[in-house]
Amino acid sequence: MSKLLFLLLAVIGGMCSGIQAPINGALGKKVGGFEGAFVSFFIGTVFLAFIVTFFGRGQLGNVFSVPKWQLIGGFVGALFVTAVILAVPNIGVAMAIFATIVGQMIISMVIDHFGFFGTRPIPINWNRVLGFVFMLAALFFIYRGSFE
């Protein structure tokens, strides 16, 4: 696939995150934050079980041979979903999503810079720093616009 197609796929993933946030936030207000995260992951697990059953490549058994650090993604995902469920009712969808994006940029630039998790190292440079500074400015203005 071309890089443009992967970029589009990432944008769609981000849109799903933006849709998921208010839905899960409302769920969390009704059933509780941790309970909402559990229900969300349970429904996602059922959906993925269906996908794996009918469209999987039959390589699920290989999970026992991967490095153990590769298995923490679900745990980290659960922390992310729980954090968003707890944040959205208190600071709003736009603020919560943009703040998560800022957090993602912080850790992703560190991961890129050092090549953690087997990624190709991409050094932090002034263009990346300046882009991040603009993101922080945007976060400030979104914050101000949300709580005036």
Side-chain angles (χ1 to χ4, degrees), residues 1-28 33 36-146:
M1 282 207 236
S2 74
K3 288 184 181 183
L4 186 59
L5 193 55
F6 282 115
L7 182 62
L8 179 61
L9 187 60
V11 168
I12 292 169
M15 291 172 73
C16 288
S17 177
I19 293 166
Q20 181 190 34
I23 292 170
N24 281 346
L27 176 66
F38 174 78
V39 169
S40 179
F41 268 81
F42 179 76
I43 292 170
T45 299
V46 170
F47 171 73
L48 288 173
F50 173 82
I51 296 297
V52 167
T53 300
F54 294 103
F55 303 104
R57 298 185 323 188
Q59 299 176 355
L60 194 55
N62 290 348
V63 73
F64 298 107
S65 64
V66 301
K68 300 306 174 222
W69 65 265
Q70 292 178 355
L71 300 176
I72 66 169
F75 173 74
V76 175
L79 290 177
F80 169 76
V81 168
T82 303
V84 171
I85 285 174
L86 296 172
V88 165
N90 294 294
I91 62 174
V93 178
M95 188 70 202
I97 291 298
F98 200 79
T100 63
I101 292 169
V102 168
Q104 290 170 351
M105 289 308 301
I106 291 169
I107 197 64
S108 65
M109 286 198 299
V110 170
I111 290 168
D112 273 355
H113 183 76
F114 293 104
F116 291 146
F117 307 115
T119 62
R120 177 178 60 92
I122 302 172
I124 292 176
N125 58 43
W126 285 110
N127 286 328
R128 289 179 142 217
V129 170
L130 185 60
F132 184 71
V133 167
F134 284 132
M135 287 185 74
L136 289 176
L139 181 63
F140 170 77
F141 286 112
I142 290 171
Y143 177 84
R144 265 187 46 191
S146 298

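By convention here, the first residue in the shown sequence is residue 1.
The shortest non-hydrogen separation linking Leu27 to Gly36 is CD2-O, 3.6 Å. Listed here is the closest heavy atom pair of Ile85 and Ala37: CD1-N, 3.4 Å. The two atoms that bring Val81 and Gln20 nearest to each other are CG2-NE2, 4.1 Å, heavy atoms only. A pairwise comparison of heavy atoms in Asn24 and Ser40 identifies ND2-OG, 3.3 Å as the closest pair. Heavy-atom minimum distance, Val88 versus Ala96: CG2-CB, 3.8 Å. Of all the heavy atoms in Asn90 and Leu86, the pair that sits closest is ND2-O, 2.8 Å.
For the pair Ile91/Tyr143, no side-chain contact is recorded, criterion being any heavy-atom separation below 4.5 Å from C-beta on. Residues Leu71 and Lys68 form a side-chain contact, since some pair of their non-hydrogen atoms from C-beta on lies under 4.5 Å apart. By the 4.5 Å heavy-atom criterion applied to side chains, Val11 and Met15 are counted as neighbours. Residues Cys16 and Ile19 have side chains not in contact (no heavy-atom distance under 4.5 Å, counting atoms from C-beta outward). In this structure, the side chains of Phe114 and Thr119 stay at 4.5 Å or more apart for every pair of heavy atoms.
We find the OG1-CE distance between Thr100 and Met95 to be 10.5 Å, quoted to the nearest 0.5 Å. In this structure, the separation between CD1 on Ile122 and CZ on Arg128 is 5.0 Å, given to the nearest 0.5 Å. Atom CG of Leu8 is separated from atom CG of Leu4 by 7.0 Å, given to the nearest 0.5 angstrom. For the atom pair CG (Leu136) and CD1 (Ile106), the distance works out to 7.0 Å, reported to the nearest 0.5 Å. Phe116 CZ to Ile107 CD1: the interatomic distance, rounded to the nearest 0.5 Å, is 8.0 Å. One finds the CD1 atom of Ile43 at 10.0 Å from the CZ atom of Phe38 (value rounded to the nearest 0.5 Å).
Between Phe54 and Phe50, the ring planes lie tilted relative to each other; the angle falls in the 30° to 60° range.
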Item checked: side-chain contact (heavy atoms from CB on, under 4.5 Å) between Ile101 and Ile97, intermediate numbers included -> CA-CA 6 Å; Ile101 292 169; Ile97 291 298; 3.9 Å; yes
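Checked by atom type and distance alone, the side chain of Thr82 never pairs as donor or acceptor with a backbone atom of Leu79 at under 3.5 Å.
For CH2 of Trp126, the number of neighbouring non-hydrogen atoms (other residues, nucleotides, ligands) closer than 6.0 Å is 12 at most. At most 12 heavy atoms of other shown residues, nucleotides or ligands fall within 6.0 angstrom of atom CG in Leu60.
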